[in-house]
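Could you have a look at this structure, given as structure tokens, before my questions?
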Amino acid sequence: MIIKLRSNAEQAQVEQLINWLEGQGIQLYFSEGDTYSIIGLVGDTSRVDIELIEALEIVESVTRIQEPFKNANRKFHPDDTVIHVGDATIGGGTLTLIAGPCSVENEAQITEVAQRVKAAGATILRGGAFKPRTSPYSFQGMGAEGIDLLLKAKAATGLPIISEVMDISQLPLFADVDILQIGARNMQNFNLLKEVGKMDKPVLLKRGLCATYEEWLMSAEYIMAGGNKNVILCERGIRTFETKTRNTLDISAVPMLRELTHLPIVIDPSHAAGIRRMVRPLSMAAVAAGADGLMIEVHNDPERAKCDGPQCLRPDTFDEVAADALKLHDFCKKELHQ
């Protein structure tokens, strides 16, 4: 349920309404705009008398929300959420470039890639320390040592870092990681979602391989219900009947999610296609659709990469893709504001 307050609402009356609602065991979610304020009600609102609330002088309107996701719902939070991490901004009309190798392999590799992607315009460094792999015989990542190397690359470049956490037991190792990534395979690992919901750092939530928009947003709701409102959604391709690409990038996710939620939306073209030459066109499509960011895999020696080499861009190629993406983003912003 959403209660929209009048712009001239007296604070004493607002507090009286708030106390009454909280007394009924309702969780409240506040959003203040330039001309109005909204109180979102989360919980069992079936006992709340809409007509009684509508009769109050301070109330402009009351609306029941049918969607099961409340905190992530744009109706609760009309303005886009903007997340700040170090010097990086995600959302709010910016195009954030997140780049780095699929997995951290050694100090020289991650530091060199970090320096190169920063020079090209990336503002967040990605790198996997723990890697969920389909085969138990594939490289599983360097673990805690990989996080240490990411932190060294951060110290060398100043870039905030993002890395994937796979299990609750790993969370203590991520104390100094700036953004936690929840991978596609863990999108519905509800115990993990609840734990990161108790934390005060941003979470990038990737879409599950076969997840609907509502299932994806409900996973975000698990995090937000715990108190952590800094959630970033990442479309990374879904499983379809097509076999020419690793996955199928659902570009329609960007405009659809823009209607459904206020959370920032990032596209991962590397995992979507699994093919290096596809990364640039998919990146351009994502920018044109209005994505808030791109998450691109970059490796200084893809042929010898221990993980996902065929989809990793070389630094020189990333330079070109980043430049083109930023130019297209600027062009689209100008066109929309004319």
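What you see is a predicted model; the values in this text were computed from it and never measured.
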Next on the checklist: Given 3.5 Å as the limit, does a donor-acceptor pair link the side chain of Thr240 with the main chain of Glu242, or not?
Outcome noted: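 Indeed, once roles are kept as given, a pair shorter than 3.5 Å links the two residues.
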Checklist entry - Among side-chain atoms of Tyr222 and Asn189, is any donor-acceptor pair under 3.5 angstrom? => result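 No - no donor-acceptor pair under 3.5 Å links their side chains.
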Checklist entry - Say you draw a straight line from CZ of Arg116 to OG1 of Thr157; how long is it, rounded to the nearest 0.5 Å? => result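 These two atoms lie 14.0 Å from each other.
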Next on the checklist: Please check this pair: side chain of His299 against backbone of Pro315, looking for a donor-acceptor N/O pair closer than 3.5 Å.
Outcome noted: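 No.
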Next on the checklist: Given 3.5 Å as the limit, does a donor-acceptor pair link the side chain of Thr45 with the main chain of Val48, or not?
Outcome noted: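 Flag not set: sc Thr45 to bb Val48 has no pair under 3.5 Å.
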Checklist entry - How far does SG of Cys234 sit from CG of Asp292, to the nearest 0.5 angstrom? => result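 The SG atom of Cys234 sits 11.5 Å away from the CG atom of Asp292.
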Checklist entry - Between the side chains of His77 and Ser31, does any donor sit under 3.5 Å from an acceptor? => result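 There is no such pair (donor and acceptor under 3.5 Å, judged by atom type) between the side chains of His77 and Ser31.
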Next on the checklist: Return the CD1 to OG1 distance between Ile98 and Thr123, rounded to the nearest 0.5 Å.
Outcome noted: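 Separation between the atoms: 7.0 Å.
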Checklist entry - Does Val117 share a hydrophobic cluster with Leu204, counting links as ILVMFWY side-chain heavy atoms below 4.5 Å and allowing steps through other members? => result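 Not linked; separate clusters.
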Checklist entry - Just one of Ile3, Asn8, Leu17 clears the side chain to side chain contact (heavy atoms under 4.5 Å, CB included) bar with Ile58, so which one? => result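 Of the listed options, the one satisfying the test is Leu17.
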Next on the checklist: I'd like to know if the side chain of Glu235 reaches the main chain of Gly237, judged simply by a donor and an acceptor atom lying under 3.5 Å from each other, with no hydrogens or angles considered.
Outcome noted: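 Indeed, once roles are kept as given, a pair shorter than 3.5 Å links the two residues.
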Next on the checklist: Asn71 and side-chain hydrogen bond (donor to acceptor under 3.5 Å, both in side chains): which single residue from His262, Lys229, Gln27 fits?
Outcome noted: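 Only one of His262, Lys229, Gln27 forms a side-chain hydrogen bond (donor to acceptor under 3.5 Å, both in side chains) with Asn71, namely Lys229.
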Next on the checklist: With no hydrogens and no angle check, just 3.5 Å: does a side-chain donor-acceptor pair link Arg126 and Ser163?
Outcome noted: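 No - no donor-acceptor pair under 3.5 Å links their side chains.
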Next on the checklist: Let me confirm one number: the CD-CD distance from Glu145 to Glu107, rounded to the nearest 0.5 Å.
Outcome noted: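 Between atom CD of Glu145 and atom CD of Glu107 there are 10.0 Å.
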Checklist entry - Do any N or O atoms from the side chain of Arg239 and from the backbone of Leu209 form a donor-acceptor pair under 3.5 angstrom? => result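 No, because the side chain of Arg239 does not come within donor-acceptor range (under 3.5 Å) of the backbone of Leu209.
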Checklist entry - How long is the gap from OG1 on Thr261 to CD on Glu221, to the nearest 0.5 Å? => result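 CD of Glu221 is found 9.0 Å from OG1 of Thr261.
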Item to check | Ionic contact status for Asp301 with Lys306, cut-off 4.0 Å | outcome: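 Answer for the salt bridge query: no.
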Next on the checklist: Using only atom types and a distance under 3.5 Å, with no angle test, would you say the side chain of Asn228 pairs donor to acceptor with the backbone of Met199?
Outcome noted: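 Answer holds: yes.
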Checklist entry - Is it true that Glu320 and Arg280 make a salt bridge, defined as a side-chain N closer than 4.0 Å to a carboxylate O? => result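 Salt bridge flag = no for Arg280 with Glu320.
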Item to check | Qualifying residue, where the test is side chain to side chain contact (heavy atoms under 4.5 Å, CB included) with His84 and the options are Asn230, Thr89, Ile90 | outcome: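 Passing option: Thr89.
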Checklist entry - How long is the gap from CG on Asn300 to CZ on Arg304, to the nearest 0.5 Å? => result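 One finds 10.5 Å between CG of Asn300 and CZ of Arg304.
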Next on the checklist: Any carboxylate oxygen within less than 4.0 angstrom of a Lys/Arg side-chain nitrogen, looking at Lys206 and Asp268?
Outcome noted: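 Yes, Lys206 and Asp268 are salt-bridged.
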Checklist entry - Distance-only, no hydrogens or angles: does the Lys152 side chain make a donor-acceptor pair with backbone N or O of Thr111 under 3.5 Å? => result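 No, Lys152 side chain to Thr111 backbone: no donor-acceptor pair under 3.5 Å.
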Checklist entry - Can you name the nearest heavy-atom pair linking Cys332 to Ala288, along with the distance? => result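 Heavy atoms of Cys332 and Ala288 come nearest at SG-CA, 4.2 Å.
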Checklist entry - Out of curiosity, does Val203 fall in the hydrophobic cluster containing Ile162 (side-chain heavy atoms, cut-off under 4.5 Å, transitive links)? => result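 As far as the 4.5 Å side-chain criterion goes, Val203 and Ile162 are not connected within one cluster.
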Checklist entry - Charged N to carboxylate O under 4.0 angstrom, Asp250 versus Arg207? => result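 Looking at Asp250 and Arg207, the cut-off is met.
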